[in-house]
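Because the structure is a prediction, the values reported are computed rather than measured.
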Amino acid sequence: MVNRKYNMDDNEPEEKKFDLPSQREHLLQVTDIFTPDSEMGQKLKLGENEVSAQLEVVGGDEEGRTLLNRCNLDQSEKGFFFTRLFLKAIGEPYKGQFDIETDRWIGRQVYATVKHNGKYANIDTYNFDKKIEQYKAPVGTDIKDVSWET
């Protein structure tokens, strides 16, 4: 449960236009996972076999800019191919028999080239040649208890 107090001005909030990561290669980190039953998942209209990973630019003058990467979890669907590429890119199992546990994705990083599709940013290609030492939480660690600040 979240319980926070705020003291805000009396101005009406306005819709904000978010800056997209530029169309080039970035180091991206998974910062959140949205499921069909989460508030954001409902806004994104995720299907029952879909999740969306929020990826944030790490470093540089665009640090903090985000994009969403929708993943289809139904292996019989054509789009599952893209999910397997994402799993490979973040160092998760993607061949043979494996389980998908989206909580393990948090904190994982990937080098990827971003493209723009209308008003959204998407991943165009992953750079599998740039190796990243992926964070792996110790067994029994609740990922919600991990602090990413150094």
Would T125 and N127 satisfy side-chain contact (heavy atoms from CB on, under 4.5 Å), going step by step from the backbone distance to the final call?
CA-CA 7 Å; T125 55; N127 187 338; over 6 Å; no
Could you go through E62 and R24, starting from their C-alpha distance and side-chain angles, then the distance that decides it, and tell me whether this counts as side-chain contact (heavy atoms from CB on, under 4.5 Å)?
CA-CA 11 Å; E62 296 184 24; R24 63 180 175 91; 3.6 Å; yes
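Counting heavy-atom neighbours within 6.0 Å of F81 CZ, excluding the residue itself, gives a total of 12 or less. The environment of CD in Q75 is sparse: at most 12 heavy-atom neighbours from other residues, nucleotides or ligands sit within 6.0 Å. F82 CZ: 12 or fewer foreign heavy atoms inside a 6.0 Å radius.
Residues N69 and L28 have side chains not in contact (no heavy-atom distance under 4.5 Å, counting atoms from C-beta outward). The closest side-chain heavy-atom distance from Y111 to D129 is not below 4.5 Å. Annotation: side chain of V30 is in contact with side chain of F86 (closest heavy-atom distance under 4.5 Å).
Between the side chains of Q109 and Q29, at least one donor N or O sits under 3.5 Å from an acceptor N or O.
Proximity of a side-chain donor or acceptor of T83 to a complementary backbone N or O of N72 within less than 3.5 Å is detected. The main-chain N or O of S52 is never found under 3.5 Å from a side-chain atom of R70 such that the two would form a donor-acceptor pair. Between the side chain of Q23 and the backbone N or O of H116 there is at least one donor-acceptor pair closer than 3.5 Å.
Scanning all heavy atoms of the two residues, the minimum distance from L67 to A121 falls at CB-O, 3.8 Å. Residues H26 and P21 share a closest heavy-atom pair of NE2-CB, 3.8 Å.
Summarising the geometry, atom CG belonging to D32 is positioned 5.5 Å from atom CD1 belonging to I106; distances are rounded to the nearest 0.5 Å.
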